[in-house]
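Quick note on labels: first sequence line is chain A, next is B, and so on, each numbered from 1. Atom set for the values below is all heavy atoms of this structure, side chains included, hydrogens, waters and symmetry mates excluded. Only a predicted model underlies this, so the values are computations on that prediction, with no experimental measurement involved.
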Amino acid sequence: MSPLSLFARHPRADLSAFIDGQLSQERHAAVQTHLARCAACQAEVDDLIETRAALSALPQTPAPRSFALTPDQIAAPVKRRPHRAENAPAFFGMRIASAGIAVALALVFVADLGDGGSGGNNESARSAGEDAALQMTSIAEDSAGDGAFSQGGDDSADSGEAPTKTEETGFLRPGSTPPDAPADAPSPEAVGGGVGGTSGGSGGVGSAPTPTAVDGGPASLDADLTSSTPNEIAAVVPTETLNAQYAPTSGDDTTADRVETDAITSDNDDGLSTLQIAEIVLAVALAVAVAGGFLVPFALRRIR
Amino acid sequence: VNQTPAGSQSDEPALIERAQGGDLNAFNALVERYQTPVYNICLRMLGAPQPAEDATQEAFINAYRRLDTFRGGIFRSWLFRIAANACYDEMRRRKTRTAVSLDEPHGEDERRSDVPDPGPTMEQHAERVELRGQLEAALARLPEDQRMAIVLVDVQGLDYAEVAVVMQCSLGTIKSRINRGRARLRAYLLERSELLPSRFRPTGENQ
């Protein structure tokens with residue numbers, strides 16, 4: 001080993017073994033040569049020696065008692081009980097988790113059954129759904145009107161834009177689909193107006209009520225009292241809402257899309273069978289989850 | 001620090017043989033002989049007296065049950081291996097409980113007062129106690145395998161070859177664990193140099 005290579009690499013990995021005399025003779029000599037010229041490594045060696053000295057100066061504590069075994073200590077099987085008890089929370093957690101999955105699957109399954117999965121009734125179920133949608137829309141009209149009032153009362157300008165915005169939030173309600181983050185997010189006032197309006201109607205928009213939404217209620221009441229232009233807005237809103245309802249191209253209208261496509265597939269047997277397949281898959285998953293929830297912990301326990 | 005070298009007591013093989021034949025008294029003679037180093041390994045590994053006591057007891061119970069697996073070699077190494085495993089078991093158990101922090105050493109005060117410190121001056125004595133506390137805290141922060149290697153080599157005085165037997169890994173692995181462990185301890189102590197004896201201050205002169 002040439003002196004150059006010795007200098008190129010600091011033998012830091014070998015320094016402890018060096019001071020312990022655990023290196024081969026050749027390596028030991030090489031490290032020694034390096035140390036003679038490398039102050040950094042020599043300082044590290046000094047520190048390591050002191051660290052080792054401090055460690056070996058740690059006092060040996062006398063055994064606090066005799067650990068001699070008694071006959072019953074060797075007769076009893078090794079205490080595994082606390083070990084198992086510790087794992088109980090884990091098993092319990094697994095059970096809870098799988099039970100949660102099972103419940104979730106069951107909910108999806110039931111929801112799917114109720115949602116026109118049942119063959120011939122699909123048409124009527126669908127039309128009932130549409131009726132409900134229309135009903136909801138009328139409620140939405142009201143709320144939209146309220147929203148518009150608040151808009152008109154507060155700003156008195158932009159009364160043209162406000163109805164369309166609130167109509168959108170109202171529109172999302174008829175379908176069961178939650179409003180998944182409208183792309184053209186309504187301005188805070190518009191949402192506030194919509195939500196404030198729905199407080200008299202049913203449910204509410206899925207989006208979390210913002211502070212402005214809370215304001216929306218009183219604001220709309222104010223608007224009712226001041227009643228800027230109720231007729232004008234009422235005339236505008238319904239047609240727009242209905243248009244939106246049946247126009248599948250508008251915005252994030254998953255509901256409208258579904259209404260259309262479902263109407264088509266209700267005549268088509270293939271669409272139904274895929275639904276049924278999905279339900280069967282869900283049912284199997286449900287069964288597996290339930291079985292797993294009870295069996296997996298036992299299986300694990302047996303492994304131990 | 002170093003105990004009487006393993007096997008130096010001529011009656012040890014006989015005791016082992018009798019213990020293997022089911023003689024509990026013979027086994028307990030071995031327990032009395034090794035309980036102090038075993039307890040100290042556990043104490044340094046676990047950082048607190050109570051878990052160390054539990055692990056020590058479990059180690060001897062396990063040793064008795066597995067006496068038939070000892071087939072010659074150094075009894076101490078075989079026993080320490082069982083003790084090391086008891087420590088790892090105990091650490092795993094504590095980890096799941098997360099109740100006791102290894103970072104704060106327990107019951108040190110009793111131990112410190114137990115040991116008469118030969119430091120000539122009060123200041124040196126205080127420094128030494130401080131250093132010991134820092135060292136124990138630093139040990140507790142080491143990765144388990146590095147701590148075990150350090151405890152066996154530096155605290156118990158075993159050589160690398162025996163530690164390789166105890167920890168069931170290669171000599172090279174032991175070498176690297178010792179080196180990395182000591183480097184970490186050194187870094188930890190240097191970080192707190194103002195608390196430590198002058199020799200650990202970067203400006204201080206190495207003796």
Trainee: Determine, using ring centers only, whether Tyr34(B) and Phe60(B) are less than 6.0 Å apart.
Mentor: no

Trainee: Quick one: of Ile178(B), Thr56(B), Val151(B), who has the most non-hydrogen atom pairs under 4.5 Å with chain A?
Mentor: Thr56(B)

Trainee: Which residues pass the side-chain hydrogen bond (donor to acceptor under 3.5 Å, both in side chains) test with Gln35(B), not counting sequence neighbours?
Mentor: Glu32(B)

Trainee: So, using side-chain hydrogen bond (donor to acceptor under 3.5 Å, both in side chains) as the criterion, who are the partners of Gln50(B) when residues are at least two apart?
Mentor: Asp54(B)

Trainee: Please look at Leu30(B) and chain A and tell me whether the side chain, the backbone, both or neither of the residue comes under 4.5 angstrom of a heavy atom of that chain.
Mentor: neither

Trainee: Picking from Asn25(B), Val31(B), Asn40(B), Asn28(B), which has the most non-hydrogen pairs under 4.5 angstrom with chain A?
Mentor: Asn40(B)

Trainee: Which pair of heavy atoms, one from Lys175(B) and one from Asp14(A), lies closest together, and at what distance?
Mentor: NZ-OD1, 3.1 Å

Trainee: At a 4.5 Å cut-off on heavy atoms, which part of Leu23(A) comes close to chain B: side chain, backbone, both, or neither?
Mentor: side chain

Trainee: Is a side-chain donor or acceptor of Thr33(A) paired with a backbone partner of Ala29(A) at a separation under 3.5 angstrom?
Mentor: yes

Trainee: Under 4.5 Å heavy-atom distance to chain A, tell me which part of Leu135(B) shows up: side chain, backbone, both or neither.
Mentor: side chain

Trainee: Given a strict heavy-atom distance threshold of 4.5 Å, which part of Ile174(B) is in contact with chain A: side chain, backbone, both, or neither?
Mentor: neither

Trainee: Most heavy-atom pairs under 4.5 angstrom with chain B, which of Ser16(A), Gly21(A), Ala63(A)?
Mentor: Ser16(A)

